[in-house]
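Notes to accompany the following structure.
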Amino acid sequence: MARIIGTGSYLPRSIVTNKEMEKYVDTTDEWIVTRTGIKERHMSQSDENTGDLAYEAAARALKNAGIGAKELSYILVATTTPQSLVPNTSCYVQARLGAVNASCLDLNAACTGFIYGLEVAEALLNLPDMGFILVIGAEVLTKITDFEDRSTCVLFGDGAGAAVLTKGDGIKGIITGSDGTKAACLNTGTFPVSNVLTGEKPFEHLVHMDGKEVYKFAVNILPEAMKAAVARGNGNIHELDHIIPHQANIRIIEAASKRLDIPMEKFFINIEKTGNTSAASIAIALDEMNQNHALRNGDRIALVGFGGGLTYGAVYLEWNM
Ligand code: COA
């Protein structure tokens, strides 16, 4: 039993339009818009890292929830682009918030990270002495993007979104899943066994993607995951008020709308302004709806994500803030 009592988000100030992407690779605004729905994305500067974005989103979520940082029992940061391997990004956020009573954990389920974070938070809230849990999705994907690869670099953007959870009635059903056999569809390099001993090249961190394979996976799993989460919560997909899908590609969302026979108006879309912000995407979208007063208590909402791993997941909840 868990409910969301506050949300926040942060997008770096610097915006890169499709027109500007034409400077990096052989592409056009028209190609990007028609194939993906993306018009621009935010890009972190060299002095902005994952912890900075996560902190800004977290501070806004705490304010929205009306609680203090010291009341947090746990901080979970979902990210594919941690600020460092040690310490975890969550510890950077804790230090800046002064959340002295919080345990800090990062998790990586690529673009499904925020959904996985909500699932872990819900489970943690069953433990004794858990007050409030902060779940953050934060990414600086442009720092691991290959700006010579036109099929990936136009897709990704940076940002962070956060939600504060506590015990209560809100989340009705969550499902998550993974298919590690499809790891090669979307990945970075792996660590060499020993750089010094073997002379292997250092960690190659840029993202590689088989766009067509990921697309095929996504158009199938988005509807299936959503149906499973809603069924787990004894809901009806045709009674949903809002669907907040991972913002990867407008065509994937349109395909899901058709397959589910649910009109596009029920799907929240902000991909044109953000691009794909991986683990941050659903959290940013949820906050945008909350800040725009688009969510009313009692609204039935599905959050649904998919991404590298390959991973997928969905949450069915009733808004109760
Ligand atoms: N600008 C212009 N042309 C581009 C381009 C770009 N940015 N990127 C690729 N192309 C070209 C290709 O080189 C190819 O040219 P060719 O026919 O001469 O070889 C052509 O466009 C078609 O490429 P294709 O890969 O078939 O395009 P597509 O319709 O499959 O769209 C994606 C590519 C990446 C937009 C699409 O596959 C996709 O969205 N996949 C899912 C990706 C995703 O969401 N990943 C994150 C999941 S969390």
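Remember, it's 1-based here, ligands and their atoms both numbered in the order they're listed.
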Against ligand 1, does V214 come closer than 4.0 Å with any heavy atom? yes
If you measure from each heavy atom of H246 to ligand 1, is any distance below 4.0 Å? yes
Heavy-atom distance from [atom] to the protein below 4.0 Å?
atom: atom 16 (P) of ligand 1; answer: no
atom: atom 45 (N) of ligand 1; answer: yes
atom: atom 19 (O) of ligand 1; answer: no

Identity and distance of the protein heavy atom lying nearest atom 34 (C) of ligand 1 =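 Checked against all protein heavy atoms, atom 34 (C) of ligand 1 sits closest to S151 O, 3.9 Å.
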message: To check your reading of the model: name the closest protein heavy atom to atom 14 (C) of ligand 1, its residue, and the distance in Å.
response: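 Protein heavy atom with the smallest distance to atom 14 (C) of ligand 1: R150 NH2, 4.6 Å.
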Near A248 (heavy-atom distance under 4.0 Å), the atoms of ligand 1 are 44 (O)
Within 4.0 Å of some non-hydrogen atom of N249, the atoms of ligand 1 are 35 (C), 38 (C), 39 (O)
Compute the shortest N/O to N/O distance between [X] and ligand 1 and return yes if it is under 3.5 Å, no if not.
X: T27; answer: yes
X: G211; answer: yes
X: R35; answer: yes

Name the orientation class of the two ring planes belonging to H246 and F306 (parallel below 30°, tilted from 30 to 60°, perpendicular beyond 60°). perpendicular
- Message: Using a strict threshold of under 4.0 Å (side-chain N to carboxylate O), is an ion pair present between R296 and D299?
- Response: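 Not counted as a salt bridge, because no side-chain N and carboxylate O are separated by less than 4.0 Å.
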Q: State plainly whether the residues D26 and R150 are in salt-bridge range, i.e. N to O under 4.0 Å.
A: yes
Verify the ring-centre separation between F268 and H242: is it less than 6.0 angstrom?
no
With sequence neighbours left out, the residues meeting side-chain hydrogen bond (donor to acceptor under 3.5 Å, both in side chains) with N270 are E288
- Using distance alone, with no hydrogens and no angle criterion, decide if S90 and Y74 have a side-chain donor and acceptor under 3.5 Å apart.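 Not at all, the side chains of S90 and Y74 share no donor-acceptor pair under 3.5 Å.
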d(K227 NZ, L260 CG) to nearest 0.5 Å is 6.5 Å
Within the 4.0 Å heavy-atom cut-off, what N276 brings close to ligand 1 is side chain
query = Which bit of K212 gets closer than 4.0 Å to ligand 1, counting heavy atoms only: side chain, backbone, both or neither?
reply =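 Looking at K212 and ligand 1, atoms from backbone and side chain both fall under 4.0 Å.
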Worksheet item: Does a side-chain heavy-atom distance below 4.5 Å link C185 with Y215?
Response: no
* Asked: Are I38 and Q247 close enough that some pair of their side-chain heavy atoms sits under 4.5 Å apart?
  -> no
